[in-house]
Amino acid sequence: MDAILSLEGVGKIFPGAVALSDVSLSIARGETHIILGENGAGKSTLIKLLAGIYQPDSGSIAFNGQPYQPKTPHDAQLSGIRIVHQELNLLPYLSIAENLMLENLPRRAFGIVDRKALNSRAVALLKEVGLDIDPRTRVEALGVAQMQLVEIAKALSYDSKLLVLDEPTATLTPPEIERLFSIIKRLKARGVTIIYISHRLHEVFEIGNRVTVLRNGRLVATRDLQGLTVPDLVRMMIGRDIADEYGFDDKIVPGTVALSVANLQRSAETPQISFAVRHGEILGVAGLVGSGRTEALRALFGADPKLDGVVEIDGKPVAIAAPKDAVRHGLSLLTEDRKGQGLLLDMPVDKNITITDLGKVSRNGLLNRRAEAAAANDLVRQLRVKASSIEQAVRNLSGGNQQKVVLAKWLFRGTSTLILDEPTRGVDIGARREIYQLLWMLAAAHKGIIMVSSDLPELMGMCHRIIVFSKNKIVGEVPRAEFDQERILSLAYQEYVRP
């Protein structure tokens, strides 16, 4: 095998944890190599070693036939390794074009940036990933899925020998995923080597040649994908079978209306939308990237401005001008960007959980540390959050456990209706199953649940109904008995194909 990348006995130790132990692996030139493992298996550490963010404590790495010892991400890029991290790395106050070409801005005389050339090149890169948006738009105005496509476009602007994609499809819908796979196949035809990391096991068979599985920092196996099945991959990853991933509970019958929205309008340019969710119901929300599904729910929650609309909770009209109003009325939002908008990353688990209602753990205006610890420990046990203690910084938890902490803070507050935007983004198969079980527990407790997801099988596996957005409007509602992926996608495209 002509190996472009080789690891021999690589290890990395952090205080109190072995992240990687004696990992030996070879990546063939021009292949698409899949790396799988649960959160905490060592995948992120491996990527950061390749990126020059970390250096190995033992073993050696060779790239392109030479010893590879990057000290910084810039060293990795100069060597021909480009990485699209799961945690997006864009500058929010710069335009899309500036982010795409930041390291190679086209210039005119006297070093002045050539804006025309900059935007023209950006349009071509955005077109390649299927993102139809003005390149002068500031990144802070984009949704997470759009940012993901910008990151991929940015990686394509460089002549890389090895491209690492970490969870690139986590927030993409099937059409965007199909376009990304076409790009990967084109890059592969040009001789570019791809390392691809995903928790969506079904998709890896379409593009992958071989798969390496990590578990608890150790290499379990490297196998050809041909002949393997999803259950085979699951067994390799977690050492056991997982049956019925979604666990739809048909014994939970939706009751009275928990939340209704009538004629919600974000701006004069967007149409009005109306929908409702019942107690004990999981209502799915589908749509393409940029369809307005996230923006509509953020406006409902008071996180973004809205022009008009009537919101009723349990049949009573409520005024929601800001998130504090929504929370006061029993409405909670788990945002699609949990790290940027849902957590205090450098604060411990207990503080993140209790911050939604400090009055519950205070006496005479003073925080009762014992009550706070008891409440946090109870929710950590209930949600099976894997942390060294409730004093561990949330930043150091895996993605699945961070998501559980976000759920815990809303459970601590007490909520009647929960909006979940991409709740399993970047979450491994084991933790994802646990999150599904938590949602069924909430549904059984008569909570109303609104679930936004780019993963149609997830929506079809979990929801009682699915409403579909297309160009900022709700274009259809599909009951569970009529779930069909083709039908839902057809609705999602409806407003984009009208003459």
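Between Glu128 and Leu156 there is a side-chain heavy-atom pair separated by less than 4.5 Å. Side-chain contact between Val204 and Thr32 is absent, with no heavy atoms from C-beta onward closer than 4.5 Å. In this structure the side chain of Leu288 never reaches within 4.5 angstrom of the side chain of Phe469, judged on heavy atoms. Two residues are said to be in side-chain contact when any heavy atoms from C-beta on lie closer than 4.5 Å; Leu331 and Val327 fail this criterion. Contact of the His33 side chain with the Thr222 side chain is registered, since non-hydrogen atoms from C-beta on lie closer than 4.5 Å. Using a 4.5 Å cut-off on side-chain heavy atoms (C-beta onward), Val468 and Gln494 make no contact. In this structure the side chain of Ile353 reaches within 4.5 angstrom of the side chain of Val380, judged on heavy atoms. A 4.5 Å side-chain heavy-atom check between Leu438 and Gln403 finds every atom pair outside the cut-off.
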Test log, rule side chain to side chain contact (heavy atoms under 4.5 Å, CB included), inputs Phe275 and Val285 = CA-CA 11 Å; Phe275 65 93; Val285 181; over 6 Å; no

Decide yes or no on side chain to side chain contact (heavy atoms under 4.5 Å, CB included) for Gln382 and Lys404, but give the supporting numbers first.
-> CA-CA 10 Å; Gln382 185 180 340; Lys404 289 180 188 179; over 6 Å; no

Worked check of side-chain hydrogen bond (donor to acceptor under 3.5 Å, both in side chains) between Gln437 and Arg384 | CA-CA 11 Å; Gln437 290 172 335; Arg384 291 185 283 185; 3.1 Å; yes

After noting the C-alpha distance and the side-chain angles of Ile467 and Ile273, does the key distance pass the side chain to side chain contact (heavy atoms under 4.5 Å, CB included) rule?
-> CA-CA 11 Å; Ile467 57 175; Ile273 61 169; over 6 Å; no

Starting from the C-alpha separation in whole Å, work towards a yes-or-no answer on salt bridge (charged side-chain N to carboxylate O under 4.0 Å, His left out) for Arg487 and Glu482.
-> CA-CA 9 Å; Arg487 180 183 175 187; Glu482 299 174 19; 2.7 Å; yes

Evaluate the side-chain hydrogen bond (donor to acceptor under 3.5 Å, both in side chains) criterion for residues Asp421 and Thr335: first the C-alpha distance (whole Å), next the side-chain angles of each, then the deciding distance (0.1 Å), finally the verdict.
-> CA-CA 5 Å; Asp421 198 349; Thr335 61; over 6 Å; no

Under the side chain to side chain contact (heavy atoms under 4.5 Å, CB included) criterion, do Leu344 and Lys351 qualify, and how do the steps go?
-> CA-CA 8 Å; Leu344 302 169; Lys351 303 296 184 189; 5.9 Å; no

Carefully, step by step, assess Arg266 and Asn472 under the rule side-chain hydrogen bond (donor to acceptor under 3.5 Å, both in side chains).
-> CA-CA 9 Å; Arg266 290 164 35 220; Asn472 297 305; 2.9 Å; yes

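Atom-to-atom distance recorded for Leu439:CG and Leu418:CG is 7.5 Å, nearest 0.5 angstrom. With values rounded to the nearest 0.5 angstrom, Leu172 atom CG is found 10.0 Å from Arg425 atom CZ. The NZ atom of Lys409 sits 10.0 Å away from the CG atom of Leu407 when rounded to the nearest 0.5 Å. Here Asp304 contributes atom CG and Arg298 contributes atom CZ; the two are 4.0 Å apart, rounded to the nearest 0.5 Å. In this structure, CG in Leu343 is found 5.0 Å from CG in Asn352, a value given to the nearest 0.5 Å. Rounding to the nearest 0.5 Å gives a distance of 10.0 Å between CD1 of Ile83 and CG of Leu165.
The main-chain N or O of Ser470 is never found under 3.5 Å from a side-chain atom of Ser291 such that the two would form a donor-acceptor pair. Within the 3.5 Å criterion, the main-chain N or O of Gly330 finds a donor-acceptor partner in the side chain of Ser416. The backbone N or O of Gly365 sits nowhere less than 3.5 Å from a side-chain atom of Ser362 that would complete a donor-acceptor pair. Judged purely by atom type and a 3.5 angstrom limit, Asn377 has no side-chain atom pairing as donor or acceptor with the backbone of Ala374. Between the Glu372 side chain and the Leu367 main chain, no donor and acceptor come within less than 3.5 Å of each other. Formation of a donor-acceptor pair under 3.5 Å by the Glu167 side chain with backbone atoms of His199 is found in this model. No donor-acceptor distance shorter than 3.5 angstrom exists from the side chain of Asn263 to the backbone of Gly309, with no hydrogens or angles considered. Within the 3.5 Å criterion, the main-chain N or O of Thr169 finds a donor-acceptor partner in the side chain of Arg200. No donor-acceptor distance shorter than 3.5 angstrom exists from the side chain of Arg215 to the backbone of Val220, with no hydrogens or angles considered. Between the Thr137 side chain and the Ile133 main chain, no donor and acceptor come within less than 3.5 Å of each other.
Taking all atoms of both residues into account, the shortest heavy-atom contact from Leu334 to Trp410 is N-NE1, 4.3 Å. Here the closest heavy-atom approach between residue Ala276 and residue Val257 is recorded as CB-CG1, 4.2 Å. Leu397 and Gln402 make their closest contact through O-NE2, 3.4 Å (heavy atoms, listed as atom of the first residue, atom of the second, distance). Smallest separation of non-hydrogen atoms from Pro168 and Tyr196: CG-CE1, 3.4 Å. The shortest heavy-atom contact between Pro348 and Glu391 is CB-O, 3.4 Å. Across every non-hydrogen atom of Val406 and Gly342, the tightest pair is CG2-O, 4.0 Å.
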Exercise answer: donor-acceptor pairs, residues 443-453 side-chain atoms, under 3.5 Å, sequence neighbours excluded:
unit_1 : atom_1 : unit_2 : atom_2 : d
Lys447 : NZ     : Thr415 : O      : 2.8
Ser453 : OG     : Asp455 : N      : 3.0
Ser453 : OG     : Glu458 : OE1    : 2.6

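When the side chain to side chain contact (heavy atoms under 4.5 Å, CB included) test is applied to Ala41, the partners found at least two apart in sequence or on another chain are Leu214.
Other residues, nucleotides and ligands contribute more than 12 heavy atoms inside 6.0 Å of the CZ atom of Arg413. The environment of CD in Glu477 is crowded: more than 12 heavy-atom neighbours from other residues, nucleotides or ligands sit within 6.0 Å. Atom CZ of Arg369 has more than 12 neighbouring heavy atoms from other residues, nucleotides or ligands inside a 6.0 Å radius. Other residues, nucleotides and ligands place no more than 12 heavy atoms under 6.0 Å from the CG atom of Asn216.
Between Lys251 and Asp249 a salt bridge is recorded (basic side-chain N to carboxylate O distance below 4.0 Å). In summary, Lys185 and Glu206 engage in a salt bridge, as defined by a charged side-chain N under 4.0 Å from a carboxylate O.
Remark: Arg465 is not positioned above the aromatic ring of Phe483, lacking an NZ or CZ atom under 6.0 angstrom from the ring centre and at most 45 degrees off the axis.
Only one option out of Ile96, Asn99, Leu142, Asn89 pairs with Met147 in a side-chain contact (heavy atoms from CB on, under 4.5 Å); it is Leu142.
Between the side chains of Glu422 and Ser454, at least one donor-acceptor pair of N or O atoms lies under 3.5 Å.
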